[in-house]
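A short worksheet on the structure shown next.
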Amino acid sequence: MSNDVALELKSVSKHFGKIQANKNVSIKLRRGEILSLLGENGSGKTTLRNIISGIYFPDEGQIFVNGEEVVIKSPQDAYKYKIGMIHQHFKLVDVFTASQNIVLGLNEKFIMSQINAKVMEIANRYGFKIDPDKKIYDMSVSEKQTVEIIKVLYRGADILILDEPTAVLTPQEIEKLFTVLKNMRDDGKSIIIITHKLNEVMEISDTVSVLRKGEYIGSVETSKANQSELTEMMVGKKVELNIERTEVKHPDDRLILSNINYVDKDNVAILNNISLTVRGGEILGIAGIAGSGQKELLETIAGLNKNATGSIIFNNPKKNLPVTFFHKTLKRVKELAQEGAFHYEDGTAVDFTGMTDAKIRELVNDGKVLFNEDEVMDLKDKTPLQIRELGVRLSFVPEDRLGMGLVGNMDIIDNMMLRSYRKGKSVFLNRTIPGSLADKVIKNLEVATPSPRTMVRKLSGGNVQKVLVGREISSAPKVLMVAYPVRGLDVNSSYMIYNLLNEQKENGSAIIFVGEDLDVLIALCDRIAVLSNGKITGIVDGRTANKEKIGLMMTHTETYEEETAND
Amino acid sequence: MTNAKEKKISEPLFHIEKRADFPRWKGWLIRIAAFIAGLIVSGIFGSITLSTNPFTFFSTMIDGVFGTSERFWIYLKDSAILLGVSIAIVPAFKMHFWNLGGNGQVLMGALASAAVAFYLRGAVPDSVQIIIMIVASMLVGAIWALIPAIFKAIFKTNESLFTLMMNYIAIGLVDYFILVWFPKTGSYIYSVSKTLPSMPTLGNPYILPILISCLLTGFMYIYLRNSKHGYEISVVGESENTANYIGMNVKTVIIRTLILSGLIAGFIGFIICGNAGFQINSDIVAGRGFTAIIVTWLANFNPLIMVFTSLLVVFFTRGAVNTRGFYSLTTNAISDITVGIIFFFIIGCEFFINYKLDFIPRKKGGNK
């Protein structure tokens with residue numbers, strides 16, 4: 001056994017019930033090497049990481065550290081073998097300083113000045129920037145990540161495992177991180193990076209090991225590989241990696257946000273004077289570091305933030321279009337008629353006084369009643385229910401799919417019913433229409449499910465998302481808001497979602513797309529608004545935008561032009 | 001490194017794994033096995049402490065339940081009343097509103113009936129009096145459930161503590177009214193002879209509560225499963241965020257559901273009070289509000305399965321009463337422990353339905 005192998009896995013397997021999470025995975029990590037563990041969601045990367053760090057125990061196979069077989073039963077064991085894990089979600093105590101977090105849990109005498117000196121020494125050796133006395137709650141995401149990395153180095157880790165380290169960073173921060181990682185590699189540390197972003201794999205790693213559906217596909221030297229080859233290994237077939245972007249046709253100002261401010265219950269300003277126009281037939285991207293107010297912005301539009309101020313004007317293009325009952329109650333139609341909002345085909349004004357409900361229904365259903373004007377209304381201070389009762393088809397695919405968009409413990413049919421269960425006067429539910437909608441979504445969106453009566457929580461991430469998106473686009477929305485719609489989805493499902501969004505765009509829907517992958521935002525969106533700390537720091541054209549510029553806007557608090565001068 | 005192969009490597013004895021897609025029938029097999037194991041262990045315990053053999057011990061229990069037709073009717077009636085209380089609390093539980101105040105809500109219903117009996121006896125015809133009792137009981141039960149519901153919906157107070165404390169207020173009120181009504185004896189309203197109305201009977205006095213509980217069960221099953229209200233209850237229970245997202249009024253759902261819960265609880269309170277000849281004491285509900293929680297949980301909030309779980313629970317409590325008499329015990333301790341052992345097994349086996357212990361040692365090397 002060669003001495004330059006820091007960590008070796010031999011035929012490691014792990015299953016959960018019938019699911020084979022890892023099958024015969026054999027990986028060799030040399031000293032002074034950066035290895036990318038590449039795979040789609042659900043390919044077993046996380047399971048493998050947990051096996052190496054002692055959280056799971058493999059069913060089969062052996063682990064060698066420096067050529068010696070070891071048993072890693074717990075995270076303590078992992079530390080003993082100098083394996084350090086940097087989790088995707090940081091595990092730091094907010095009210096402690098960087099140094100305090102770094103030594104937390106160590107059984108040694110704490111002399112703060114010595115600890116700080118050692119922390120600084122590590123930081124200087126690899127080129128980190130850190131203030132050991134800074135409290136975690138004052139830190140940016142990338143600073144927190146630095147603390148996590150120094151924490152494992154402080155404990156003497158020689159093998160570092162980073163789980164999706166770039167997911168929350170801006171392009172500039174990623175660059176810095178990569179420099180540090182290269183310094184560590186040159187110092188003889190061994191590093192595993194878990195990721196699904198190909199360009200980063202190409203940039204940083206020496207070797208790539210690919211997993212697919214729990215199986216180990218193979219390892220290649222990065223210098224001898226190219227992106228499409230790696231994708232093929234990862235997905236199992238050739239995939240077209242280009243996102244289509246159709247031209248915008250007849251854009252109309254669908255949603256006009258002005259001066260939206262939102263302060264949360266801890267009195268922290270989350271949204272700061274946001275003014276934004278969303279156009280029909282166009283995809284508007286929202287870029288920004290996680291937690292810059294994206295979630296709150298969408299929730300405010302959807303009517304979920306009562307404390308927000310400002311105005312949300314919705315323009316419904318309806319001039320000379322027939323009124324239908326499909327999205328309006330009889331009561332609402334009568335109200336509008338009284339306000340003089342309708343005319344007949346021959347141009348005469350509509351007056352329903354003295355007519356029976358049945359007669360009104362007949363006229364409306366026959367398409368004889370038309371709108372005078374586009375409908376304009378302020379959605380501010382309206383609850384989601386009121387918005388729907390006004391006949392505004394506003395669809396929202398929230399970030400938290402199972403916690404907000406769907407109910408995990410209900411089957412697909414009952415989840416389809418969420419939007420529509422109120423329809424009709426009966427006190428009982430009617431499951432036939434939601435049932436056929438479920439069948440349609442399952443068929444059109446290729447949802448892999450044993451039956452429409454399967455609990456949504458038992459479906460895989462991609463299928464959960466298809467159910468949610470399927471329901472939300474089923475009403476032919478005028479405005480469609482999607483937050484991180486491809487997070488956790490495999491390549492094929494992601495492309496299906498992009499195609500669905502493009503379809504809605506073709507149909508004239510105004511789409512707001514909150515995304516994290518700048519490459520995707522630039523490829524898909526017509527315009528991209530950049531959020532930083534709850535402020536819009538710039539709106540760029542998707543066709544001419546570049547990543548670096550957007551990255552800068554993501555971190556700056558003022559508008560881009562003003563800030564560049566200081567740089 | 002040289003002797004890596006020979007080195008004894010310690011491995012964990014077993015690991016715990018979550019079961020994926022475990023077939024339902026296997027789950028029931030485990031439950032039945034757990035039940036039998038519980039019977040065996042409690043049988044051994046009972047026979048050792050009472051120096052008898054397990055068969056005599058259990059036959060005493062069975063005798064207590066099925067021994068005479070009278071005992072059997074009492075068994076059915078007790079089960080029906082427990083089922084009724086469980087039906088009262090199930091919509092709240094389904095909504096993940098942990099109503100620990102079922103006892104107090106039923107007791108307040110009973111108190112309302114007793115109060116009507118005390119103040120109106122002889123003044124109005126019996127049938128009118130019964131109707132007034134039902135209305136009063138349901139109303140008071142609903143109020144008792146409504147108070148914590150309003151606080152939960154508007155001020156987001158913790159409903160478990162709130163409902164629990166409401167029980168003690170109810171007990172205090174009952175004791176207070178007994179003192180007001182009977183300052184001399186300071187004890188129960190004893191039958192003020194013929195002036196009290198009698199409960200309507202159908203053949204025998206047991207059939208009415210049984211019939212009522214069956215009707216309530218059917219109603220609740222359909223209400224939870226097929227009505228729009230029931231759907232809202234499920235959504236609010238599973239995820240309040242989702243409920244807000246689709247525009248349900250969560251406050252309304254909480255308050256409406258607890259009113260329904262309280263109405264049924266109050267009605268059961270009337271039945272309990274009526275069955276006791278319209279007497280009242282602070283222990284008249286006999287902790288059924290708490291036992292009902294076991295019944296609903298064991299049935300996973302399904303009203304139809306609750307019929308069986310309430311029969312099961314009452315079987316053991318009735319059986320235990322008989323062992324106490326049979327072995328001339330001074331306390332319920334031994335029978336309580338045996339019942340506890342059986343429930344421990346029934347509830348504990350859920351772990352083995354959700355997880356499995358894997359003792360299979362790790363295979364080395366693999367095939368590569």
Side-chain angles (χ1 to χ4, degrees), chain A residues 1 3 10-13 15-19 23-26 56-62 64 66-71 73-74 216 299 302-304 383-389 396 398 400 402-410 414-415 417-419 421-422 424 426-429 431 450 458, chain B residues 1-23 94 96 156 222-232 234-250 252 300-301 354-356 358 360-368:
Chain A
M1 220 164 286
N3 217 351
K10 269 191 184 169
S11 311
V12 168
S13 296
H15 68 91
F16 300 102
K18 277 183 199 149
I19 300 157
K23 193 176 167 193
N24 261 329
V25 178
S26 300
Y56 292 156
F57 194 76
D59 298 333
E60 281 174 40
Q62 292 159 288
F64 298 87
N66 295 324
E68 207 168 327
E69 182 171 6
V70 296
V71 169
K73 275 189 289 193
S74 66
Y216 171 67
E299 288 181 2
L304 294 169
T383 65
L385 184 62
Q386 287 168 330
I387 291 175
R388 212 147 9 113
E389 279 171 351
F396 179 22
D400 187 359
L402 286 178
M404 191 175 203
L406 299 167
V407 180
N409 277 331
M410 283 186 174
D414 280 12
N415 270 295
M417 203 158 58
L418 274 170
R419 285 271 187 216
Y421 78 96
R422 266 193 210 90
S426 162
V427 296
F428 293 108
L429 297 165
R431 284 192 169 91
K458 290 195 173 164
Chain B
M1 210 202 304
T2 46
N3 58 354
K5 287 267 151 64
E6 296 99 82
K7 208 173 75 179
K8 177 88 181 127
I9 290 171
S10 70
E11 287 189 8
L13 177 63
F14 58 84
H15 25 277
I16 298 168
E17 254 179 49
K18 204 167 166 65
R19 290 189 200 270
D21 290 330
F22 198 52
K94 182 106 186 176
H96 292 204
K156 300 224 175 287
I222 293 167
Y223 179 77
L224 289 179
R225 201 163 170 275
N226 288 322
S227 79
K228 290 178 181 173
H229 285 186
Y231 182 72
E232 288 178 335
S234 306
V235 174
V236 170
E238 291 294 340
S239 162
E240 216 171 286
N241 259 337
T242 308
N244 282 322
Y245 158 80
I246 54 154
M248 278 181 194
N249 191 335
V250 175
T252 314
N300 203 10
F301 310 140
N354 290 319
Y355 298 93
K356 87 174 185 200
D358 204 351
I360 305 161
R362 182 176 56 126
K363 276 180 257 164
K364 295 241 173 136
N367 47 15
K368 207 166 185 181

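Atoms considered below: every heavy atom in the structure, side chains included; atoms not considered: hydrogens, waters and symmetry mates. Every chain is numbered from 1 and lettered A, B, ... according to where its sequence line falls, protein lines coming before strand lines.
- Cation-pi geometry between Arg225(B) and Phe428(A) is not satisfied (NZ or CZ under 6.0 Å from the ring centre, within 45° of the ring normal).
- The backbone N or O of Ala302(A) lies less than 3.5 Å from no partner atom in the side chain of Tyr245(B), so there is not a single donor-acceptor pair.
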Please evaluate residues Val235(B) and Leu418(A) with respect to the criterion side chain to side chain contact (heavy atoms under 4.5 Å, CB included), reporting the C-alpha separation (whole Å), side-chain torsions for both, the decisive distance (0.1 Å), and the verdict. CA-CA 9 Å; Val235(B) 174; Leu418(A) 274 170; 3.8 Å; yes
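- Tyr56(A) does not touch chain B: none of its heavy atoms, backbone or side chain, sits under 4.5 Å away.
- When all heavy atoms are compared, the tightest approach of Asn241(B) to Met404(A) is O-CG, 4.1 Å.
- Put simply, the side chain of Ser239(B) gets close to the backbone of Gly403(A): a donor and an acceptor are under 3.5 Å apart.
- The CG atom of Asn415(A) sits 9.5 Å away from atom CD1 of Ile246(B), with the distance rounded to the nearest 0.5 Å.
- Both the backbone and the side chain of Arg422(A) come within less than 4.5 Å of a heavy atom of chain B.
- The candidate from Gly408(A), Pro398(A), Gly303(A) with the greatest count of non-hydrogen atom pairs under 4.5 Å with chain B is Pro398(A).
- For a residue to count as touching a neighbouring chain, one of its non-hydrogen atoms must lie under 4.5 Å from one of that chain's; by this rule Leu406(A) touches chain B with the backbone only.
- The CG atom of Asn244(B) sits 7.0 Å away from the CG atom of Leu304(A) when rounded to the nearest 0.5 Å.
- Only the side chain of Met410(A) comes within contact range of chain B, with heavy atoms under 4.5 Å apart.
- With a threshold of 4.5 angstrom between heavy atoms, Glu232(B) approaches chain A through side-chain atoms but not through N, CA, C or O.
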